[in-house]
Q: 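My structure is below; once you've seen it, I'll send some questions.
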Amino acid sequence: MNETDKIRLRHGLAAAPDDDGRFIYLFDQHRISPRQLRVTPDEFAWAQLINGQRTMREIHADAVLQSGGFLLPFEKIESLARQLDEALFLDNERFQNYLEGSEREPSCVGCYPAEPDEIREQFRELFIAPGGPGLPGEPGCRIESDGRIRAALVPHIDYGRGGVTYGWGFKEIFERTDASLFVIIGTSHYSRERFTLTRKNFKSPLGTVMTDQSYIDRLESYYGEGLFEDPVAHLPEHSIELEVVLFQYLYEGRRPFRIVPLLVGSFADCVAGQQDPGKSDDIQRMVDAL
């Protein structure tokens with residue numbers, strides 16, 4: 001980072017003090033970045049000078065004035081700017097590259113572990129815990145006896161509360177289809193758009209799952225414009241990521257698979273207007289397109 005560049009905090013950040021007031025936590029209230037940054041009250045005051053109007057040298061000069069003229073090493077301002085940059089809290093090239101990159105970084109590590117072996121152990125419990133269905137057999141092993149399924153309704157709550165309900169749903173999917181492409185339709189918690197697609201591939205500690213670009217092209221051609229209006233909707237969203245990581249666990253070492261990640265927003269307008277959602281033009285177009 002060049003000390004002569006004017007730097008700016010990006011929109012959407014928030015702050016909260018810890019219990020004893022010794023530190024302040026900076027975080028992204030839109031959850032585009034999963035990071036939290038702990039700063040001192042002095043560092044918090046310096047951060048508020050990062051408004052796009054000052055270079056780091058000018059921020060340092062104003063910080064010295066704030067302190068009543070006490071000696072303040074320039075390195076402290078550099079260190080704060082570097083931490084903000086690494087946390088994706090600055091409106092700069094790194095943040096834009098993150099938004100526009102081809103991979104979606106995981107946002108739900110914490111709901112599941114960061115280490116692959118620990119993920120596998122946690123997910124095993126979703127099947128073998130009391131009330132669970134038992135571990136799945138081989139992919140597609142029940143198609144001939146129980147028939148093929150085309151869709152399943154599964155939870156998107158955290159694994160601790162979803163528990164064996166995940167196991168029952170995913171065992172059915174795993175054993176009763178030989179599909180290698182999964183359209184994952186997830187609840188959208190952060191966007192006002194009705195439908196939002198992304199072309200990003202989904203990354204997790206278990207690897208990267210490819211998003212099927214040709215299917216997205218076809219879906220867009222049938223539905224029409226408007227499916228990419230919110231470029232950040234998928235970044236903080238858990239409803240698709242929690243399904244993707246479970247698919248990775250199940251198909252790991254067996255066969256590759258692809259996804260189509262589709263977020264679905266509120267139907268509040270249909271409720272307010274006492275209208276059957278199926279008669280709404282955009283919803284009907286999406287149903288027909290799928």
Q: So if I apply the side chain to side chain donor-acceptor pair (under 3.5 Å) rule between N92 and each of N97, D85, D5, which one comes out positive?
A: D85
Q: Quick check: do L235 and R104 have side-chain heavy atoms less than 4.5 Å from each other?
A: yes
Q: For H189 and E237, does a side-chain donor sit closer than 3.5 Å to a side-chain acceptor?
A: yes
Q: Quick check: do P106 and E241 have side-chain heavy atoms less than 4.5 Å from each other?
A: yes
Q: Quick check against the 3.5 Å criterion: does D28 have a side-chain atom that pairs as donor or acceptor with the backbone of S33?
A: yes
Q: Does any donor atom in the side chain of Q122 or Y249 lie under 3.5 Å from an acceptor atom in the other side chain?
A: no
Q: Taking the six-membered ring for Trp and the full ring for Phe, Tyr or His, determine whether the centres of F123 and Y159 are under 6.0 Å apart.
A: yes
Q: Using the six-membered ring wherever Trp is involved, compare the ring planes of F247 and F257 and label them parallel, tilted or perpendicular (cut-offs 30° and 60°).
A: tilted
Q: Minimum heavy-atom separation for R148 and I143, please, with both atom names.
A: NH1-CD1, 3.7 Å
Q: If you count every heavy atom of other residues, nucleotides or ligands that lies below 6.0 Å from Y222 atom OH, does the total exceed 12?
A: no
Q: Quick check: are there more than 12 heavy atoms from other residues, nucleotides or ligands sitting under 6.0 Å from NZ of K200?
A: yes
Q: Can a donor-acceptor pair be found, under 3.5 Å and without considering hydrogens, that links the side chain of D62 to the backbone of L65?
A: no
Q: Taking the side chain as every heavy atom from C-beta outward, state whether V264 and M286 have any atom pair closer than 4.5 Å.
A: no
Q: Quick one: does any side-chain atom of Q213 pair with a main-chain N or O of T211 as donor and acceptor, under 3.5 Å?
A: yes
Q: Hey, what's the ring geometry for H238 with H156, parallel, tilted or perpendicular (30° and 60° as the breaks)?
A: tilted
Q: Check this for me: E93, atom CD, are more than 12 non-hydrogen atoms of other residues, nucleotides or ligands nearer than 6.0 Å?
A: no
Q: Would you kindly say whether Q275 and S280 are connected by a side-chain donor-acceptor distance under 3.5 Å?
A: no
Q: Is there a side-chain contact between L246 and F174 in this structure, where contact means two heavy atoms from C-beta onward sitting under 4.5 Å apart?
A: no
Q: Kindly give the heavy-atom pair with the smallest separation between Y251 and A179, and that separation in Å.
A: OH-O, 4.4 Å
Q: Answer yes if the side chains of D288 and Q284 hold a donor-acceptor pair under 3.5 Å, and no otherwise.
A: yes
Q: Are V183 and D212 packed together at the side-chain level, in the sense that at least one heavy-atom pair is separated by less than 4.5 angstrom?
A: no
Q: Do L206 and R120 make a side-chain contact, defined as non-hydrogen atoms from C-beta onward lying under 4.5 Å apart?
A: yes
Q: Measuring centre to centre across the rings, with the benzene-like ring taken for any Trp, is H30 within less than 6.0 Å of H11?
A: no
Q: I need the minimum non-hydrogen distance between H234 and F202, along with the two atoms involved.
A: ND1-CZ, 4.0 Å
Q: Within the side chain of R194, is there an N or O that forms a donor-acceptor pair under 3.5 Å with the backbone of S266?
A: yes
